[in-house]
Each structure stands twice: as C-alpha cells, then as structure tokens.
Amino acid sequence: MSKKAQNKTILNFLKKIVLFFLPIALLAWPADIFISRNLKNSNWHVAGEYLVWTEIYNGNIDVQVAVYGSSRAWIHFNPEILKDSTGLETYNFGMDGLNFSYQYFRHNQYLKFNKKPKYIIISGDLFFFEKEAGFYNYVQIMPYMLNNPDYIANRELFAFYKYAEYRIPLYRYMGMGSELIRSMIVALGLEGEKPYRINGYMGQELEWTDDFENAQKQKKQMDVKVDPQIRDLFYKFLDECLQSGITPIIVYSPEYYEYRDFVSNRDEVINTFKIAAQKYGLVFLDYSNDEISFNKDYFYNSTHLNKKGSELFTAKFSVDLRNAMVN
Amino acid sequence: MLFNSLDFAIFLPLVFVIYWFVLGKNLRIQNAFVLLASYVFYGWWDWRFLSLLVISTLVDYFVGRQMLIIKDGLKRKLFLILSLGVNLGMLGFFKYYNFFVESFTQAFTLFGQELNPQTLKIILPVGISFYTFQTLSYSIDVYRRKLEPTRNFVAFSAFVSFFPQLVAGPIERASNLLPQFYTKRQFDSSQAVDGLRQILWGLFKKMVIADRCAVFANEIFNNSSDYSGFVLVLGAIFFAFQIYGDFSGYSDIAIGTARLFGFNLMQNFAFPYFSRDIAEFWRRWHISLSTWFRDYVYIPLGGSKGKAIIVLRNTLIVFVVSGFWHGANLTFIFWGLLNAIYFVPLLLGKANRRHLGNISEGRILPTVKDAIKILLTFSLTVFGWIFFRAQSINHAFEYIGSIFNSNFFVWYKFDDLWRVLLTSALVVFFIAIEWFGRNNKFAIEKSFINSKKVYRLAFYYMIVFLIFFAGGMQQTFIYFQF
C-alpha cells in the first residue's frame with residue numbers, strides 16, 4: 001500500500017472514531033446541565049447539602065443570625081426556635097463531617113451572594129481544627145464547580161477532583177450513576193417537595209444507637225489534632241467578621257459526658273476555642289456541663305443530640321444568646 | 001500512566017497520529033518513537049525507575065550480542081547467568097528483600113535468637129516482574145539458540161519497553177514480538193477497529209466489573225470478622241470477578257492498543273471461569289505467565305516425563321514459584337500450593353488434557369454435566385482466591401473458618417443494598433456476554449457484527465454509557481503491584 005493510500009485509510013479510521021464520539025461530545029454539555037440543574041434542586045440528596053448550596057447561590061438568604069459548624073451545627077440549632085426567642089431570622093449552614101476550612105469556603109460564598117448577617121454562631125466540635133483525611137460528601141459541590149473560578153481557586157481544598165473535572169462538561173460525573181439517577185428522580189418530580197432541611201436544620205428523630213459502644217470496643221481512646229493552619233484561618237475569619245461588623249459567638253453544644261474521656265486531648269480543642277474567644281473579646285458558651293450532656297435520652301450518639309435534645313438545647317441556647325446580644 | 005485515565009486518553013491519540021502520519025515512512029524512526037513513547041508512559045509514574053528498565057535492556061542486549069560472538073558453551077552459560085543474575089537480582093531486591101529479611105528474623109526468633117533486621121523502605125517499581133520476565137525469555141531463547149540475537153538496539157529496547165504491555169503484560173516472547181519491530185507495519189483498518197472494540201471491552205471489565213466489585217470485596221475482606229458466612233462467600237466471589245475484570249481488562253486494553261499500532265500480542269485470558277477443570281483453568285488464565293513457567297521452568301526440570309514423583313515435584317515447583325512471583329507474601333505461595341494440590345490428581349490420572357477444545361461447542365447453554373464441572377472449578381478457584389486476597393495466612397484461615405460457622409445464612413444489612421444488587425446484575429450481564437462470546441478472542445469480538453449497524457452502534461453506546469455512569473471509583477490495576 002502506498003503512503004498516500006495508507007494515510008487515506010488512517011484518515012477514514014479517524015473519521016469513524018470522531019463520528020462515533022461526536023454525539024457523546026455534543027451531548028456532554030446538555031447532559032451536564034440536566035444533571036447539575038436537577039441536583040441543585042434536590043431537596044434530599046447528600047443530607048440536604050444541595051439545598052443549602054442552592055439557596056446560597058440563589059442569593060435568597062436574608063437573615064440576621066447564621067450558624068456555622070459541622071453536623072453538630074445543622075442537627076443541634078433549630079432556626080425556628082431561635083427566631084421565636086430572639087426575633088431574628090436564622091439560617092443554619094452546618095456542613096456534614098467537614099472542618100473549618102470548608103466552613104470558611106462556604107462562609108465566603110454565602111457573603112458573596114447574600115446579605116451579611118449580624119451574628120454568626122460558630123458551633124464547635126472536636127474535629128473543627130483537624131485536617132481532613134478526605135473531602136467528605138465530595139459530591140456536594142459537583143453541580144456548582146464547572147468553570148467556577150471560586151472552586152478552581154480553592155482546588156487544594158477539594159483535592160478529590162482533578163483540574164479537568166472543573167473544566168470538561170460531564171467528566172466529573174463519571175462513575176456517578178447515583179447522581180444521574182437522583183437527577184432523574186428530581187426531574188420526574190419523584191423526590192417529594194418537603195425539604196430534608198428547613199433553613200438548614202433537621203432534627204433527628206432517633207433513639208440512642210450503639211455507635212459509641214462499638215467505637216469504644218474498637219479503641220479505648222482517640223486523640224484529635226489541632227492543625228495550626230486551620231487555627232490561624234479561624235483567627236483570620238474572626239478578624240474579618242469583626243472588621244465587617246459581624247459578631248461571632250462561639251458555642252460548644254452538649255455532647256454525651258462519657259465521650260469526654262474518649263478523646264484524650266479534648267481540653268486542647270476546647271482551650272483553642274477559649275483562647276480565640278479571649279483574643280477577639282467574644283462570647284464563648286460551653287454546654288459541656290449542661291444537664292443535657294448527662295442524659296442519654298437526648299442523644300442518638302455520643303456527639304449528636306436527637307430532635308428532643310436539640311429542641312431543648314436550642315431553647316436554652318436562645319436565652320443565653322439573647323443575653324449575649326444585650327451585653 | 002493508567003489506561004483508564006484522562007492522561008492516557010490524550011497520550012494514545014497523540015502517539016497514534018505521530019506514529020502513523022508523521023513517522024509512518026521510516027521504520028527505524030517509528031521504532032525509536034515507540035521507545036520514546038514507552039519511556040514517557042513508564043516515566044509518568046516515576047521517571048527514576050526508568051533506569052532499571054534501561055539496565056535490563058542494556059544487559060540483555062549485550063548478553064545477546066556476546067552469545068552471538070562466543071561459541072564456547074561455558075562462556076555462553078556465564079553470560080546467561082549474568083542476564084539471570086541482573087534481572088532476577090533486581091526483582092529479588094525490589095520485590096523480595098524485606099520478605100526474606102523478615103522471614104529469616106522470624107526463623108531465628110523461633111530458635112531463641114533475637115536479630116535486629118535491616119529492612120528497607122523499598123518502592124516496588126511498577127511492572128518489574130513483567131518486563132524482567134519478558135527480557136529473560138530473550139536471553140534464554142538466544143542461549144538455547146532458538147532465537148537469533150538482534151543487532152538492532154532500538155528495536156530491542158522498544159521490545160522490552162513496549163508501552164501497551166510494559167507494566168502488566170501479556171509477557172511477550174521475543175520470538176513473537178521482536179520480529180514485529182523488524183518489519184514495516186501497515187495500517188489495517190479492520191484490525192484497528194477490532195483493537196478499539198477490545199479496548200472498549202477491557203475498559204468495561206476494569207471500570208465497571210472490577211472497580212465495582214472491588215468496593216465490596218475490600219469492605220468484606222478488610223472487616224471479615226463482622227460478616228456472616230454467606231456474605232463472606234459473596235466477598236470471595238466479588239473478589240474473583242474483581243481480579244478477573246481487572247487483569248483481563250488490562251490485557252484486553254493492552255492487546256487492543258498494540259493492534260492500533262500494527263502489533264499482535266498473545267492472548268492472555270480465554271474465559272477462564274468457564275473452565276471445566278483446574279488444568280483447563282490454567283490453560284485459560286494468565287496464559288503468558290503460565291506458558292512462560294511451562295517453557296522456562298517446568299520443561300527444563302523434566303516436565304511430565306519421568307517418574308510420577310518427578311512430575312509431582314516439577315508441578316509443585318512451578319505452582320509455588322508462580323505463586324511467589326505474584327508477591328512477597330506467604331499467602332501467594334499457599335495459593336500456588338493449593339492450585340498444585342488441585343492440579344496433581346488430574347496430572348497423575350492423565351486427565352489434565354481432557355478439556356482442550358471449545359466449551360460447549362455449538363450449544364447455547366452448557367450441558368448439565370459441563371455446568372456442574374464449571375461450577376465446581378469456579379468454586380475451587382474462588383476458594384483459592386481467598387488466600388490470594390487475604391492479608392496473611394491466618395487471615396485466610398479465619399475467613400474460611402467464619403464461612404463455616406453457625407450463622408451462615410444471616411444476611412448483613414448493607415447500607416447501600418441497591419449498589420450490591422446493581423453490581424450483581426452487572427456481573428450477571430458480564431457473564432452472559434462472556435458466555436456468548438466464549439469462542440472468540442475476546443467476548444465482544446463478534447457481538448452484533450452481522451447485525452444492522454444501528455444495533456451494533458447501540459450496543460457500543462450502551463457499553464460506553466455503562467463505563468461512564470456505572471463504573472466504580474478508579475482503582476489501580478491489581479497486577480501493577482506484581
């Protein structure tokens with residue numbers, strides 16, 4: 001075969017390949033829009049995280065009190081009770097299983113698209129300053145990250161994703177069949193209208209499980225790390241809040257008292273919050289010794305209150321918050 | 001560079017276009033380019049280990065050249081020993097050093113002697129077991145005068161490092177692959193399309209079957225004490241499909257990729273889970289390694305000639321060495337030994353070559369007798385995989401012990417039961433496709449080939465869709481660690 005004839009054969013072959021992949025390439029963009037749009041509207045998926053992100057990006061949040069933290073935030077602080085008690089609109093931004101670095105990213109996105117609050121309640125937990133082993137619930141940013149400069153600039157935080165996944169439509173949904181199915185469920189209106197979280201909060205109607213006992217069986221004690229970078233980021237955040245007229249209030253909500261001995265350096269974490277509060281002249285409300293912390297009926301595991309517990313706690317906290325606001 | 005990565009998806013078309021369009025005229029430059037591409041492919045993972053590849057190439061090229069010049073038998077043997085020493089030395093150091101040091105320490109401890117072992121933090125270079133065996137086959141064949149030593153250094157280097165099969169095989173013989181570097185390759189469209197089809201099927205096996213099964217196999221093996229017997233059996237079956245999908249998927253992608261460049265690599269898997277006895281399984285599983293051991297270990301030891309005790313010894317040696325090749329762990333040796341135990345009765349009863357032909361030729365479904373044999377062979381294989389996958393011999397025995405405890409039928413409540421069911425359904429689909437394509441080189445070689453184009457395309461798009469959305473989390477190929 002002459003060189004010319006061979007080149008023609010190869011070109012025909014390449015043409016076939018291009019024609020095969022062309023429909024896929026053409027469909028990638030609309031498919032991405034379809035999946036992302038429907039995930040953004042999901043009320044339930046990823047423990048309601050999409051709901052919170054979408055409200056942030058829609059710019060609909062106009063509140064005086066914002067609650068930050070991990071799952072202990074969105075499970076413990078009921079905005080309705082806080083509103084009834086303080087008269088201030090409240091939204092709960094708690095992020096499941098993530099440390100302050102992620103909360104800080106969400107904080108900046110919130111301020112970018114919405115009116116700033118007057119108060120920010122920072123719900124502390126023992127993993128607040130610990131570097132994450134991975135990005136928990138990594139799917140939560142998927143519908144928002146494509147060609148989004150804020151996400152691209154914070155790529156280190158979302159290390160799970162490759163650069164190409166921020167740029168190429170549909171690529172990040174590879175292997176994410178459950179996201180595709182969820183988007184179809186939403187598109188077909190099968191998800192139900194009642195949102196999983198209301199104003200970011202969802203009380204857990206659960207009774208005590210044996211999670212803590214199982215964890216104790218596996219190891220007697222554990223320790224957590226206070227990462228200096230995350231601690232400094234926290235200081236920076238407090239500083240920024242004060243500069244812009246927002247008052248941060250640090251709260252350590254109840255945890256079941258037996259858990260205290262389980263974490264060997266618990267005092268180190270609590271002291272880090274105390275030092276931060278002292279440094280910036282802030283209120284630090286610690287409910288470690290509150291009577292709620294000694295009653296198993298209010299918890300479903302060692303660090304999370306159930307609905308009954310969270311409502312009782314929020315009611316108590318709202319009184320303290322009112323006093324803190326007055327002072 | 002992983003085959004199932006974006007890097008490779010960019011690398012492959014780029015190399016393809018340059019290879020055929022820019023350098024298509026000149027064979028030597030084309031070979032040099034294959035060599036360069038192969039080094040980039042390998043160096044993408046860790047460029048420092050390219051030095052090992054270069055050492056292996058230089059030594060074996062030099063040994064080959066010397067064997068051509070030297071007629072003296074003893075000197076030729078010395079050069080063969082040099083090749084064996086360098087290649088097996090590298091392999092031994094990087095793969096087995098810590099294992100031997102720790103084993104000696106344990107042995108001395110048993111006799112009351114305390115030793116302070118000097119183990120090293122050694123990274124295992126990807127593919128070292130594969131390319132050392134490939135290049136050794138060259139030296140041995142040259143020594144045996146079965147192969148003319150090459151004068152073409154570039155062709156030889158490209159043969160040793162040929163990127164499609166460099167890191168996980170098939171372990172090619174010099175007699176098959178090396179001559180393909182000497183002759184001008186013509187682009188064959190039908191061969192290239194066939195290659196793409198094989199790549200597609202390989203990706204499906206790896207990304208859908210292996211990566212999905214890996215999630216459950218890992219979970220169940222890593223927490224085996226938490227599960228009932230039934231779930232542990234399920235875990236072993238998931239691992240059986242993980243390792244098959246992973247390794248044969250890699251081989252399919254490698255063979256398909258090579259075909260795009262006009263090369264033909266040997267078949268590495270021939271539907272092993274449909275085997276009717278263990279002997280047939282070993283003729284269908286990792287064929288390039290099995291035949292390597294047959295030609296360079298088993299036959300030189302005397303093979304199946306001679307007294308039964310010699311045949312038995314040879315078989316045991318081959319299986320144990322084959323197990324040890326997989327890794328520096330007693331679990332692999334035990335796995336090899338177990339397969340020898342399966343194999344020996346067939347060998348002694350001269351029944352090891354009973355099933356040489358196609359499986360259930362001309363039938364849609366197997367006969368009841370064949371079905372029972374297939375199931376039995378599969379069960380034995382799955383049992384063997386428990387040793388292969390377990391972290392230690394103790395873990396393997398604990399795993400097996402837990403299968404046979406009293407709560408066999410207690411169902412474990414999986415958090416995501418639908419994922420287990422979906423994965424199981426995909427495995428069933430996979431088995432069906434493999435069954436209907438079992439007489440081909442790979443399962444979808446002729447699927448819908450005689451149907452209307454629209455059906456054929458629909459089938460391919462369905463596979464692409466499954467790879468895209470039903471694939472599991474990306475995992476490294478299992479055999480990279482070997």
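Throughout, a chain's letter reflects where its sequence line sits, starting with A, and its residues are numbered from 1. All values below were derived from every heavy atom in this structure, side-chain atoms included, with hydrogens, water molecules and symmetry-related copies excluded. Quick caveat, the model's predicted, so the values are computed rather than measured.
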Distance, nearest 0.5 Å, that separates OG of B/Ser189 from CG of A/Leu14: 9.5 Å

CE on A/Met174 to CD1 on B/Ile467, rounded to 0.5 Å: 7.5 Å

Among the listed options B/Phe465, B/Phe469, B/Phe16, the residue most often paired with chain A at heavy-atom distances under 4.5 Å: B/Phe469

Winner by heavy-atom pair count (cut-off under 4.5 Å) against chain A, out of B/Leu457, B/Leu422, B/Leu196: B/Leu196

Under 4.5 Å from a heavy atom of chain A, the part of B/Val193 involved: both

Engaged part of B/Arg419 at the chain A interface, taking heavy atoms whose separation is under 4.5 Å: side chain

Donor-acceptor contact below 3.5 Å, side chain A/Gln6 vs main chain B/Phe187: yes

Donor-acceptor under 3.5 Å (B/Tyr461 side chain, A/Ile24 main chain): no

Below 4.5 Å from any heavy atom of chain B, which atoms of [X] appear? Answer side chain, backbone, both or neither.
X        : result
A/Ile168 : side chain
A/Leu27  : neither
A/Leu180 : side chain

Atom of A/Leu170, atom of B/Phe468 and distance for their closest heavy-atom approach: O-CZ, 3.1 Å

Please indicate whether [X] has more than 12 foreign heavy atoms, meaning atoms of other residues, nucleotides or ligands, lying under 6.0 Å from its [atom1].
X        : atom1 : value
A/Gln221 : CD    : yes
B/Phe21  : CZ    : yes
B/Lys453 : NZ    : no
A/Phe160 : CZ    : yes
B/Gln391 : CD    : yes
A/Trp208 : CH2   : yes
A/Lys40  : NZ    : yes
A/Arg37  : CZ    : no

Beyond-backbone contact of A/Phe13 with B/Leu260, side-chain heavy atoms, under 4.5 angstrom: yes

